[in-house]
Structure formats: C-alpha cells, structure tokens
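Every number for a ligand or one of its atoms is a count from 1 in the order of the listing.
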Amino acid sequence: MSLSNYSPRKRILITGGAGFLGSHLTEKLLNDGHEVICADSLFTGTKDNIAAFKDNPYYEFIRHDITSPLQVEVDEIYNLACPASPIHYQHNPIHTVKTSVMGAINMLELAKHLQCKILHASTSEVYGDPTIHPQTEDYWGNVNPIGVRSCYDEGKRCAETLFFDFHRQENIDIRIVRIFNTYGPRMHPQDGRVVSNFIMQALRGDPITIYGDGSQSRSFCYVDDLINGFVRFMDLEPGATGPINLGNPNEFTIKELAETVIKLTNSKSALINNPLPKDDPQQRQPEISYTKKLISWEPQIQLEEGLKKTISYFEQFI
Ligand code: NAD
Ligand code: UDP
C-alpha cells in the first residue's frame with residue numbers, strides 16, 4: 001500500500017495511458033483529484049495525447065513495455081495497454097499475444113504484491129463472430145483460434161482467464177470490462193479503425209472505404225460514456241468482478257455509419273467497396289442490462305452528437 005492511502009487522493013497506475021482511452025481516463029482521474037502514473041511503450045500511443053498533463057505535479061509518465069515486470073506503489077491499476085486497431089494488433093501479432101498474456105501476468109503480480117484493485121480492458125472481440133445477438137456476458141463466443149485476429153481475441157480471452165485465476169487463487173480484487181467499439185477525440189488519425197478512417201476520408205474528400213458490402217454492424221460508444229463506466233465499476237465494493245459489457249447498444253451498419261459521416265461533414269466523398277478483412281465479425285451489439293443495474297450507468301451521447309465532437313477534433317489534421 002502506498003502512503004497516499006492516508007488521503008482521499010488515490011495514486012492510480014494506467015497502463016496504455018498514452019493511448020486513446022488511456023488519455024481520457026487520465027484526464028478524468030486527474031480532474032477527480034487523483035494522482036496518475038502512466039506506463040506506456042508508445043507503440044500506438046503518443047506524447048501529444050498526454051501533453052496536457054506533463055506539467056501537472058500529480059502526473060507521471062514512465063516509458064515501459066508491460067511484457068516486463070513493473071514495480072510502482074499505487075492504490076489501483078487500470079490495465080489498458082494493448083494495441084486496439086486490427087491493423088496495429090496484426091502488425092506484430094506475437095507481441096500482441098505477449099502484451100495481453102505476459103502483460104496481464106505482470107500487472108496481476110503487481111496487484112498481488114500491493115493487494116490493490118485491478119481493472120482490465122477486455123473487448124467484445126472475446127465473442128468473436130457472435131452467433132447470438134445482442135451479446136450477453138454469459139455468451140462464450142465464437143472465436144477462430146488460429147486466424148489473423150486470434151492474437152488479439154485469444155490474447156484477451158487468456159487475459160480474462162488469468163484475471164479470474166488470480167481472483168480465485170490469490171483473492172485479487174479484479175474488474176473485467178468488455179469494451180464495444182468506442183470512438184472520440186485522440187483516436188490516432190491513421191489508426192485504421194472505421195470511425196477515424198471514415199472521418200479523415202470524408203474531410204479530405206477521399207473515397208470512403210467500406211470493407212465488404214457494408215452490411216456488417218457495430219454499436220458505437222462515445223469515449224466519455226465509456227470512461228464514466230470504467231470509474232463507476234472500479235469504485236464498486238470488492239467482489240464486483242464482471243465481466244461487464246460496456247458500450248452503446250445503438251447498432252448501425254457500416255454503410256449507415258459512412259452515410260452519417262458524409263452528412264455531418266458535408267463531404268463529396270464517394271463510397272467504394274474494398275475486400276472484407278478475414279474473420280471480420282458480421283454483427284456486434286452489447287446487451288447492457290447487467291451493467292446498467294450493477295453500476296447505474298447508461299450511455300448519454302448518441303452517434304451524431306459524438307461524431308460531431310470527433311469530427312471537430314480531426315479537422316486539425318487536414
Ligand atoms: P490505443 O492503441 O489508442 O491505446 C493502447 C495504448 O497501449 C497505447 O498507448 C500503446 O502505446 C500502449 N501499449 C500497447 N502495447 C503496450 C505494451 N506492451 N506495453 C505498454 N504499453 C503498450 O487503443 P485504445 O482504443 O485506447 O485501447 C485501450 C485498451 O482498450 C486496449 O487494451 C484495447 O484492447 C481495449 N479496447 C478498446 C476498444 C475501443 O473501441 N477503443 C474496444 C475494445 C477494447
Ligand atoms: N471497416 C470499413 N472500412 C474501414 C475500416 C473498417 O468498412 O476503412 C469495417 C471493418 O471491416 C469492420 C468495421 O468497419 O467491419 C469495424 O472495424 P474496426 O477496425 O473499427 O473495428 P473492429 O470492430 O473490426 O475491431
């Protein structure tokens with residue numbers, strides 16, 4: 001335990017804190033009066049994402065890859081480190097597996113040493129290409145164990161296993177969040193995910209690249225809603241392990257998303273169809289009744305409002 005326990009100010013470790021979600025979580029925790037230590041390898045995260053915090057005396061950045069152990073004194077850990085965009089996690093798939101699995105072990109060992117709470121950023125990808133719709137937390141998933149997405153999907157599934165084994169065997173206070181497609185400012189403009197791609201293409205007047213026929217669906221959550229859910233879940237009493245689905249259940253086809261982005265940017269971009277990536281899930285929608293009840297939470301920001309905020313952010317890159 002750190003001495004910071006003597007004050008209401010908690011000292012909190014965020015792995016992956018220089019990434020898209022991690023930087024928003026940092027902002028929220030600093031605004032709530034806590035101290036944040038960010039451990040990040042800067043593989044996909046950037047110093048720009050954390051530039052606003054660097055002069056804050058309650059913020060510290062450590063360049064660190066979580067596949068190696070880390071020793072710090074903190075009261076809570078949010079384990080977010082892992083590339084999230086399919087292009088990024090498939091760039092070095094072996095390292096993606098190591099980040100999910102060895103990273104989870106290293107952070108769980110740290111939580112065990114410190115006897116502190118640890119929240120893990122899991123993903124809707126643990127459901128794979130789901131055969132039930134919407135996806136509930138008790139669904140075991142439909143995942144290809146040897147495909148190009150497996151480094152991420154199976155890595156995250158194994159991380160969930162490790163979290164539960166540390167909980168059962170070592171009595172660690174764990175929280176598992178299965179995040180569904182989340183978007184917003186500070187996504188990397190070359191990130192390759194659908195929201196950032198479509199907005200950048202629309203703002204530049206480039207063709208909008210729909211993979212496949214665009215009939216596949218996703219349910220998009222605005223980042224502020226997700227971060228509120230993270231903190232509410234972490235703040236529950238011990239025993240609330242999850243997993244919980246965290247996302248916005250409003251579901252859209254990829255073609256509908258493209259049309260909405262074109263409308264909101266007044267873009268002249270054409271829609272084009274590119275090949276569908278291998279093992280691309282056909283549909284995805286979180287069932288959130290368990291989450292709603294557990295943490296008294298539901299998304300407040302719907303797609304058009306969230307896209308407008310995100311478009312304003314991306315305009316600086318044009
Ligand atoms: P991101 O790529 O913007 O952020 C990931 C961060 O982790 C980056 O700063 C990166 O540099 C860092 N990182 C990667 N490997 C690392 C390693 N081995 N050691 C230390 N740092 C490392 O992605 P994001 O969207 O912010 O995602 C954050 C977490 O949430 C990830 O674990 C991701 O799997 C999960 N998630 C995100 C979404 C989403 O829609 N954004 C959906 C499901 C799950
Ligand atoms: N997609 C697309 N065009 C793009 C990027 C992605 O049509 O330029 C599709 C992708 O095939 C998938 C969906 O959008 O069906 C969401 O992709 P993303 O990479 O954002 O996240 P995923 O949910 O697949 O991890």
Side-chain angles (χ1 to χ4, degrees), residues 14-25 38-47 49-50 61-68 70 78-92 95-104 106-107 119-126 129 149 152-153 155-156 159 177-184 186-188 191-201 206-221 223 226-227 230 245-247 252-255 257-258 271-284:
I14 306 178
T15 74
F20 160 50
L21 296 181
S23 62
H24 284 273
L25 178 61
C38 163
D40 197 300
S41 65
L42 297 184
F43 174 53
T44 55
T46 64
K47 288 195 176 168
N49 281 346
I50 53 174
F61 170 75
I62 305 171
R63 190 162 185 151
H64 177 81
D65 189 312
I66 61 159
T67 58
S68 299
L70 177 69
Y78 287 84
N79 186 38
L80 271 56
C82 186
S85 158
I87 291 177
H88 292 154
Y89 67 65
Q90 289 169 30
H91 174 74
N92 183 345
H95 197 72
T96 299
V97 176
K98 286 184 179 170
T99 296
S100 287
V101 177
M102 294 163 65
N106 288 327
M107 291 308 119
L119 179 146
H120 180 63
S122 189
T123 168
S124 53
E125 285 284 317
V126 299
D129 192 2
R149 293 174 88 101
Y152 185 72
D153 299 10
K156 290 283 190 181
V177 176
R178 291 181 180 155
I179 305 166
F180 284 66
N181 298 67
T182 300
Y183 68 98
R186 297 198 211 119
M187 290 182 92
H188 197 285
D191 175 293
R193 285 182 270 188
V194 69
V195 174
S196 40
N197 269 11
F198 284 5
I199 293 178
M200 288 299 288
Q201 290 162 346
D206 292 342
I208 306 277
T209 54
I210 294 181
Y211 301 162
D213 62 7
S215 65
Q216 72 272 34
S217 72
R218 294 293 187 271
S219 308
F220 299 100
C221 183
V223 61
L226 186 94
I227 297 303
F230 268 17
N245 287 339
L246 220 45
F252 298 87
T253 66
I254 293 306
K255 187 152 182 282
L257 175 72
L271 302 185
I272 59 163
N273 294 95
N274 284 356
L276 190 68
K278 190 120 186 15
D279 292 342
D280 199 277
Q282 181 56 31
Q283 54 183 3
R284 196 182 278 159

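For the atom pair Phe20 CZ and Leu25 CG, the distance stands at 12.0 Å (nearest 0.5 Å). For the atom pair CZ of Arg149 and CG of Asp279, the computed distance is 7.5 Å after rounding to the nearest 0.5 Å.
For atom 9 (O) of ligand 1, the closest heavy atom belonging to the protein is Asp40 OD2, 2.5 Å. The nearest protein atom to atom 23 (O) of ligand 1, hydrogens excluded, is given as Ala84 CB, 3.5 Å; this is a heavy-atom distance. Protein heavy atom closest to atom 3 (O) of ligand 1, with residue, atom name and distance, is Phe20 N, 2.9 Å. The single protein non-hydrogen atom nearest to atom 16 (C) of ligand 2 is Arg218 NE, 3.6 Å, given as residue, atom name and distance. Atom 35 (C) of ligand 1 has as its closest protein heavy atom Ile179 CD1, 3.8 Å. The protein atom (non-hydrogen) at minimum distance from atom 2 (O) of ligand 1 is Thr44 OG1, 2.6 Å. At the top of the distance list for atom 14 (C) of ligand 1, counting protein heavy atoms only, stands Cys82 N, 3.5 Å. For atom 21 (N) of ligand 1, the closest heavy atom belonging to the protein is Ser41 N, 3.1 Å. Counting protein heavy atoms only, atom 19 (N) of ligand 1 is closest to Ile66 N, 3.0 Å. Remark: minimum distance from atom 25 (O) of ligand 2 to any protein heavy atom is reached at Arg149 NH2, 3.1 Å.
In this structure, Lys156 does not pair ionically with Glu125, as no charged nitrogen and carboxylate oxygen lie closer than 4.0 Å. A salt bridge between Arg218 and Asp280 is present, with a side-chain N of the basic residue lying under 4.0 Å from a carboxylate O of the acidic one.
The shortest N or O to N or O distance between Leu80 and ligand 1 is under 3.5 Å. The shortest N or O to N or O distance between Gly19 and ligand 1 is below 3.5 Å. Geometrically, ligand 1 and Thr99 share a nitrogen or oxygen pair separated by less than 3.5 Å. The shortest N or O to N or O distance between Arg193 and ligand 2 is not below 3.5 Å. For ligand 2, the polar-atom distance check finds no N/O of Tyr89 at less than 3.5 Å from any of the ligand's N/O atoms. Between Phe43 and ligand 1, at least one N/O pair is under 3.5 Å apart. Inclusion of Pro83 in the set of residues having an N or O under 3.5 Å from an N or O of ligand 1 is not warranted. By the 3.5 Å distance cut-off applied to N or O atoms, Thr123 is not counted among the residues near ligand 1. Considering backbone and side-chain N/O of Gln201, none are found under 3.5 Å from N/O of ligand 2.
Residue contact check: His64 has heavy atoms under 4.0 Å from atoms 19 (N), 20 (C) of ligand 1. Atoms of ligand 2 found under 4.0 Å from any heavy atom of Gly192 (numbered from 1 in listed order, with element): 5 (C). Within the listing of ligand 1, atoms 33 (C), 34 (O), 36 (N), 43 (C), 44 (C) sit less than 4.0 angstrom from a heavy atom of Tyr152. Every atom of ligand 1 is numbered from 1 in the order shown, and the set under 4.0 Å from a heavy atom of His95 is 18 (N). In the vicinity of Gly16, heavy-atom distances shorter than 4.0 Å reach the ligand 1 atoms 6 (C), 7 (O), 9 (O), 12 (C). Set against the non-hydrogen atoms of Arg284, the atoms of ligand 2 under 4.0 Å away are 22 (P), 23 (O). Listed by number with element, the atoms of ligand 2 under 4.0 angstrom from any heavy atom of Pro277 are 11 (O).
Remark: side-chain polar atoms of Asn79 are not paired, donor with acceptor, to backbone N or O of Leu119 under 3.5 angstrom. One N or O on the side chain of Asp129 and one on the backbone of Gln282 form a donor-acceptor pair closer than 3.5 Å.
Neither the backbone nor the side chain of Ser85 has a heavy atom within less than 4.0 Å of ligand 2. In Val195, neither the side chain nor the backbone holds a heavy atom less than 4.0 Å from any atom of ligand 2. Contacts of Asn181 with ligand 1, taken as heavy-atom pairs under 4.0 Å, involve the backbone alone. Counting heavy atoms closer than 4.0 Å to ligand 2, residue Gln216 contributes side-chain atoms (C-beta onward) but none from N, CA, C or O. With a 4.0 Å heavy-atom cut-off, ligand 1 is reached by the backbone of Ser122 but not by any atom from C-beta on. Proximity of Leu42 to ligand 1, defined as any heavy-atom pair under 4.0 Å, is confined to the backbone N, CA, C and O atoms. The proximity of Lys255 to ligand 2, defined as any non-hydrogen pair under 4.0 Å, does not occur for either the backbone or the side chain. Under 4.0 Å from ligand 2, heavy atoms of Thr209 appear from its side chain as well as its backbone. Contacts of Glu125 with ligand 1, taken as heavy-atom pairs under 4.0 Å, are absent altogether. At a 4.0 Å heavy-atom cut-off, ligand 1 touches Arg193 through the side chain alone. Residue-level proximity to ligand 2 for Val194 is carried by backbone and side chain together, each with a heavy atom below 4.0 angstrom.
The closest approach between any non-hydrogen atom of Arg186 and ligand 1 is not below 4.0 Å. Ligand 1 is approached by Ala18 to a heavy-atom distance shorter than 4.0 Å. No heavy atom of Arg178 sits closer than 4.0 Å to any atom of ligand 1. The closest approach between Thr15 and ligand 1 stays at or above 4.0 Å for every heavy atom of the residue. The shortest separation from a heavy atom of Glu125 to ligand 2 is under 4.0 Å, placing the residue in contact. Put simply, no part of Gly212 is less than 4.0 Å from ligand 2, judged by heavy atoms.
Just one of Pro83, Pro86, Cys82, Ser85 meets the side chain to side chain contact (heavy atoms under 4.5 Å, CB included) condition when paired with Tyr152; it is Cys82.
A heavy-atom distance below 4.5 Å is found between the side chains of Leu42 and Arg63.
Nearest residue to atom 1 (N) of ligand 2 from Tyr211, Phe198, Phe180 is Tyr211 (criterion: closest heavy atom).
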